[in-house]
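Remarks on the structure that follows.
Atoms within a ligand are numbered from 1 in the order they appear, just like the ligands themselves.
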Amino acid sequence: MGSVTCNPLAPSSLLLLTGLKSPKLSHSRRRLPGSLRASKVIAYYGLKTPPYKLDALEPYMSKKTLEIHWGEHHRRYVDGLNKHLEKGDILYGYTLDELVKATYNNGNPLPEFNNAAQVWNHDFFWESMQPAGGDLPKYGVLEQIEKDFGSFTNFKEKFTEAALTLFGSGYVWLVLKREERRLAVVKTSNAINPLVWDDIPIISLDMWEHAYYLDYKNDKAKYVNMFMNHLVSWNAAMSRMARAEAFVNLGEPKIPVA
Ligand SMILES: [Fe+2]
């Protein structure tokens, strides 16, 4: 969320990047030399840093895991996305959320989709955790979980079951469903995320092997348990829910009294 680092540039910045020396050239209709006509902006997205130090989640998620997962895998997705975007500027100026939805292309993904979604997924995953996380959600989030799942324990069981029954690589999410106006647990394969169905993600857990193998080997149950008890950021969930409520009314509609 908010991970786009390069919004559409002002014409003057664009000139600097494309190597045009004088604004006069862009305003005139003069024919440009071939090298200038072919030039375009080549960097779109940057590698966003997790909101804590790489050793801050220890002992539940090691610094080594973060160095590889963030520093190598996440970085590769960013580089891969930018490489794809260099090939044409048709997707220029999209926010990352828009890019994920547009390149999903109603279930017929464009070549940019996997990298775009994986950049979004990792930005979101890092922010779904915090040092000394876990415990119980607070205020509205807890109330909504209890309303939609019966109890917090039921929610935890459902989330864990989804993680352990996910076939292959993917993610488990707590989402707010716009139409049903309720929270739900969903799992997605590979790079897919719930934005493509217009759900609002609240929390995610990366179930790709690179997320847990160094620390937990094949013990996925232990990984999920540690995430739930020590890492999940209910603070992030709370602010995401607050934002989501601008779009989804979770109570009875209130009519302002004049
Ligand atoms: Fe990952």
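For Asp148 (side chain) and Leu183 (main-chain N/O), a donor-acceptor pair under 3.5 Å exists by modelled atom type.
Metal site remark for the Fe ion (ligand 1): His210 contributes an N, O or S atom at a distance under 2.8 Å.
Considering just the N/O/S atoms of His122, the one nearest the Fe ion (ligand 1) carries the name NE2. If you look at Asp206 and ask which of its N, O or S atoms sits nearest the Fe ion (ligand 1), the answer is OD2.
For the residue pair Asp123 / His74, a side-chain donor-acceptor distance below 3.5 Å is found, with atom types taken as modelled.
The shortest side-chain heavy-atom distance between Ile145 and Trp234 falls under the 4.5 Å cut-off.
Ring geometry for His210 against Trp208 counts as parallel: the plane angle stays under 30°, on a 0 to 90° scale with 60° as the upper cut.
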